[in-house]
Number of protein chains: 2
Amino acid sequence: MKIGELGDRCGVTAKTIRYYESIGLLDEPTRTASGYRDYGDDAVKRLRFIRDAQATGLTLSEIASVLELKSTGERSCSHTTALIEQHVASIDAQMRQLADARRELTLLADRAKRLDPASCTDPNRCQVISDERHMA
Amino acid sequence: MKIGELGDRCGVTAKTIRYYESIGLLDEPTRTASGYRDYGDDAVKRLRFIRDAQATGLTLSEIASVLELKSTGERSCSHTTALIEQHVASIDAQMRQLADARRELTLLADRAKRLDPASCTDPNRCQVISDERHMA
DNA sequence: CTACGGATTCCAGTCGAGTGGAAGGTCAAG
DNA sequence: CTTGACCTTCCACTCGACTGGAATCCGTAG
């Protein structure tokens, strides 16, 4: 299968595939006589795994390190699990941050709604955002 | 107040302040006779607002558009509220994504723990990540 | 006077994950 | 035989939010 088809099957562009290859995330495939990249079904699996892993928020370099574990096979699965667990922890941290931000913003929005819209006329102030009581 | 003091008061570097000015997020302040930027207390408020807004996940260009609303004063607060509400929606989307990712990853980790670590010996496979049943 | 901490400008680089485009080679259809 | 879709390489650029560093100037303490 050529690069375009692989891309279509996995939902990425040919350019992205070449990019992944360039950073070592995908192995160099065999080539046809005319120099075209020629992929097997393994490539589909691998590329889909990359996409899946990426969807969970792993960076490409984290994914690369997981895939490296696969290929060396030397280190145990515990390396992989450690990476995953670490990542779950960072997701939790991100979620906490977002929750905080959300609370802040809804507070802000609520305040905005309570204000008389007609009173927002001072060209140098928007009450929603420049209220002193709100400013840290 | 000079740039360093302003930075200290707001928890940013002088470099960041100049950067904000360069992208139009902060107005050009008056200068001392010797060319130093000379800020008033307004700058502290504005910069702190920027930091606060940023902490909630707004990008600098979103913040810029909110601050623009302030300075033109033409459009009503509803513009600001709309932006905020839109941002809250995007936070919710992010949180859903993270929750999905988290579920995926913990599944993966659980599977990893259930596997006999000693069985992870095939140099070309890490069972945690290359199990066909898991692959989309 | 000199040293030192801050200030100034401007240009360049970082990270992550690609994307754009030029210049050219290949293959199947009409 | 030409057209058009697809492939190749390579180099440069994007976005966001800074950060680093060079060269130079200002202000004050010793």
Side-chain angles (χ1 to χ4, degrees), chain A residues 1-40 43 46-67 83 87 90-91 94 97 101, chain B residues 1-40 43 46-67 83 87 90-91 94 97 101:
Chain A
M1 153 189 23
K2 280 179 290 179
I3 197 168
E5 191 188 337
L6 175 61
D8 287 349
R9 285 220 227 166
C10 303
V12 300
T13 67
K15 235 158 171 148
T16 299
I17 295 172
R18 287 191 205 102
Y19 169 67
Y20 285 175
E21 184 184 316
S22 81
I23 61 169
L25 202 47
L26 291 175
D27 291 334
E28 296 189 15
T30 55
R31 300 284 183 135
T32 65
S34 52
Y36 287 10
R37 285 174 180 79
D38 190 19
Y39 296 95
R46 188 168 174 121
L47 190 44
R48 281 190 183 152
F49 174 72
I50 291 170
R51 287 269 104 171
D52 287 356
Q54 202 184 21
T56 73
L58 285 165
T59 66
L60 294 186
S61 68
E62 283 171 326
I63 297 170
S65 87
V66 170
L67 290 173
L83 178 63
H87 189 61
S90 101
I91 285 179
Q94 284 176 64
Q97 264 199 331
Chain B
M1 144 193 28
K2 280 179 290 177
I3 197 168
E5 190 188 338
L6 175 61
D8 287 349
R9 284 220 227 166
C10 302
V12 300
T13 67
K15 228 147 181 157
T16 299
I17 294 171
R18 285 189 207 104
Y19 169 68
Y20 285 174
E21 185 184 315
S22 81
I23 61 169
L25 201 50
L26 289 176
D27 292 333
E28 296 188 15
T30 54
R31 301 284 185 134
T32 65
S34 53
Y36 287 10
R37 285 171 181 79
D38 190 19
Y39 296 94
R46 187 169 176 121
L47 190 45
R48 281 190 184 154
F49 174 72
I50 292 171
R51 290 269 104 171
D52 286 356
Q54 203 185 21
T56 73
L58 287 165
T59 66
L60 294 185
S61 68
E62 284 172 324
I63 297 170
S65 87
V66 170
L67 290 174
L83 178 64
H87 189 61
S90 102
I91 285 179
Q94 284 176 65
Q97 265 198 331

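Looking at B:R9, its side chain never comes within 3.5 Å of a backbone N or O of B:R48 through a donor-acceptor pair. Side-chain atoms of A:D38 never come within 3.5 Å of backbone atoms of A:R31 as a donor-acceptor pair (strictly under, hydrogens ignored).
Here the P atom of nucleotide D:dC18 and the CG atom of B:L47 are 10 Å apart, to the nearest Å. Straight-line distance from the CD atom of B:E5 to the P atom of D:dG27: 16 Å, rounded to whole Å. Rounded to whole angstrom, the span from the NZ atom of A:K2 across to the C1' atom of D:dT8 amounts to 12 Å. One atom, CD1 of A:I3, and another, C1' of C:dC27, lie 17 Å apart when rounded to the nearest Å. Remark: P of D:dA5 and CG of A:D8 are 15 Å apart, rounded to the nearest angstrom. When rounded to the nearest whole Å, the span between CD of A:E62 and P of C:dG16 equals 10 Å. In this structure, the CG atom of A:L6 is 10 Å from the P atom of D:dC7, given to the nearest Å.
Of the residues in residues 12-40 of chain B, B:R18, B:R31, B:G35, B:Y36, B:R37 come within less than 4.0 Å of DNA chain C through at least one heavy atom, sorted by number.
With rounding to the nearest 0.5 angstrom, the CD1 atom of A:I17 is 13.5 Å from the NZ atom of A:K2.
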Do any side-chain atoms of residues 18-26 of chain A form donor-acceptor pairs under 3.5 angstrom with protein atoms, and if so which ones, sequence neighbours left out?
| residue | atom | partner | partner atom | Å |
| --- | --- | --- | --- | --- |
| A:Y20 | OH | A:R51 | NH2 | 2.6 |
| A:E21 | OE1 | A:R37 | NE | 2.8 |
| A:S22 | OG | A:Y19 | O | 2.7 |

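Side-chain contact between A:Y39 and A:L47 is absent, with no heavy-atom pair separated by less than 4.5 Å.
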